[in-house]
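Numbered from 1 within each chain, the chains take letters A, B, ... in sequence-line order.
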There are 2 protein chains.
Amino acid sequence: MLFNSYLSTMAFQKERSAGYLANQMARLFAKGLHERIRPLGLAPAQFMTLLALWDEDGISQSELVRRLDVEQATMANTLTRMERDGLIERRANPDDGRSQAIHLTPTAKALRDPATQAARAQNETALADFSEGERQAFLALMRRAIAAMHKG
Amino acid sequence: MLFNSYLSTMAFQKERSAGYLANQMARLFAKGLHERIRPLGLAPAQFMTLLALWDEDGISQSELVRRLDVEQATMANTLTRMERDGLIERRANPDDGRSQAIHLTPTAKALRDPATQAARAQNETALADFSEGERQAFLALMRRAIAAMHKG
DNA sequence: TATCATTGCATAGCATGCTATTCAACAGCT
DNA sequence: AGCTGTTGAATAGCATGCTATGCAATGATA
């Protein structure tokens, strides 16, 4: 078939692939954020986890997994590094012997302002020449792509 | 200052952060692509590398680094796994004892069509309900964010 | 109550990425 | 030729993510 042979021989151009661009963009965001929060002793996944804990301290690992949409094993490893770095404590949950409450240390609480400012600065760098309308449109398109991949 | 204290106490909402959404979107793209190309014996970074080699076989590692915009160490490790999996061969470059020409195996050449179809399918899943105009706009916005982060 | 399924978490193993370091080969110059 | 700086690659070490397992604590039920 003409259509199939066209598809088969047409070059796959990475600059026109949403997935390729998404990967490159996410790596640049992560790299930029990491540079900005490294002086605070934080790494990107730790910052993301802290966002949830600054919002509500003392939640369980499984609740963090739900809120941040990462796999349980990923979160377990991130929490281990955060505990090692003195950012969180795992406390026993008196109501359920399986779960532990994740609590912020004073150190982690003190990082809230500088860390969120750093993240805002990174977003601002990426969207520097975007109009307000373009920013909203961009966020909306990303949310739609995320929702579409969650479904199918 | 009012402005600063507003910034300091305003919640950082991850759903409104371009970087957070970019990370989540890229992970979903990678996961979906991985599921689709796993039956072919490929992983996402291997596919990305194959894209460059299908376009031009026999280029050097440093050229791959330039074309794919990843760090040299990352590419070296990806190539080692691809060699292990029988996708490429490293051949000596007669003109320069430092560099090696990366050549595709017949196996890798045969994967071009099914792998690019899989990637197209993943992009289609993500952008299923996007109009053609929205697709173009989305790609353009991502390219601009990438360019902005490359600069600053 | 004894059994079976579910839930919360840890661990193993692997792929991607990054930074930092090291080394050999090359290139340019004196 | 001999230095010196540059370039191409490999390696070490670490953070993120994922899948697959395993295990103990709970819950549900016959």
Side-chain angles (χ1 to χ4, degrees), chain A residues 19-20 22-38 41-49 59-66 68-85 87-88 90-102, chain B residues 19-20 22-38 41-49 59-85 87-88 90-102 149:
Chain A
Y20 180 86
N23 171 275
Q24 200 178 346
M25 181 171 69
R27 284 192 289 116
L28 287 167
F29 265 115
K31 189 173 173 179
L33 177 62
H34 202 164
E35 283 171 11
R36 292 174 193 273
I37 61 179
R38 185 173 292 132
L42 294 180
Q46 297 183 347
F47 171 69
M48 185 177 77
T49 305
I59 58 180
S60 66
Q61 180 184 129
S62 59
E63 182 58 28
L64 282 170
V65 164
R66 272 188 287 278
L68 298 182
D69 196 29
V70 294
E71 292 301 318
Q72 175 267 321
T74 299
M75 181 53 67
N77 285 326
T78 296
L79 290 174
T80 296
R81 286 187 292 271
M82 292 175 75
E83 193 168 33
R84 175 203 65 191
D85 296 346
L87 296 168
I88 59 154
R90 284 160 152 139
R91 297 187 198 160
N93 179 340
D95 299 332
D96 190 330
R98 295 168 300 181
S99 77
Q100 294 169 305
I102 311 297
Chain B
Y20 180 86
N23 171 275
Q24 201 178 346
M25 181 171 68
R27 284 191 288 118
L28 287 167
F29 265 116
K31 189 173 172 179
L33 176 63
H34 201 164
E35 282 170 12
R36 292 174 194 274
I37 62 180
R38 184 173 292 132
L42 294 179
Q46 298 182 346
F47 170 69
M48 185 176 77
T49 305
I59 59 180
S60 65
Q61 180 184 131
S62 60
E63 182 59 29
L64 281 169
V65 164
R66 272 186 288 277
R67 297 192 188 187
L68 298 181
D69 196 28
V70 294
E71 292 301 318
Q72 175 267 324
T74 300
M75 181 54 68
N77 285 327
T78 296
L79 291 174
T80 295
R81 286 187 292 270
M82 292 175 76
E83 193 169 34
R84 175 203 65 190
D85 297 346
L87 296 168
I88 59 155
R90 285 160 152 139
R91 297 188 199 159
N93 179 341
D95 299 331
D96 190 330
R98 294 168 300 181
S99 77
Q100 295 170 306
I102 311 298
M149 286 189 281

Of B:Lys31 and A:His34, the one whose nearest nucleotide on DNA chain D sits closer to the 5' end is A:His34

Just by distance, do the side chain of A:Asp96 and the backbone of A:Arg98 share a donor-acceptor pair under 3.5 Å?
-> yes

Give B:Asn23 one of three labels, base, sugar-phosphate or nothing, depending on what nucleic acid heavy atoms sit under 4.0 Å from its own.
-> sugar-phosphate

Scan nucleotides 4-12 of chain C nucleotide by nucleotide, 5' to 3', and note B when protein non-hydrogen atoms come under 4.0 Å of the base, S if they reach only the sugar-phosphate, - if neither.
-> ---BSBBB-

Going 5' to 3' on DNA chain D, which nucleotide is the first and which the last to come under 4.0 Å of a heavy atom in chain A?
-> D:dA15 to D:dT26

Along DNA chain D (nearest heavy atom to each residue), the more 5'-positioned of A:Gly97 and A:Leu42 | A:Leu42

B:Gln100 versus B:Gln61, side-chain donor and acceptor atoms under 3.5 Å | no

Is the shortest heavy-atom distance from the side chain of A:Met25 to the side chain of A:Leu28 under 4.5 Å?
-> no

Would you mind checking if A:Glu63 and A:Arg66 are paired as a salt bridge, meaning a charged N to carboxylate O distance below 4.0 Å?
-> yes

Does the side chain of A:Arg90 come within less than 4.5 Å of A:Ile102's, by heavy atoms?
-> yes

Under 3.5 Å, is there a donor-acceptor pair between the side chain of B:Arg27 and the main chain of A:Asp69?
-> yes

Measure the shortest side-chain to side-chain distance between B:Arg36 and B:Leu42 over non-hydrogen atoms and say whether it is less than 4.5 angstrom.
-> no

Please examine the side chains of B:Leu64 and B:Leu79, heavy atoms only from C-beta on, and report whether any two atoms are closer than 4.5 Å.
-> yes

Contact class for A:Asp69 (heavy atom, under 4.0 Å): base, sugar-phosphate, or nothing?
-> nothing

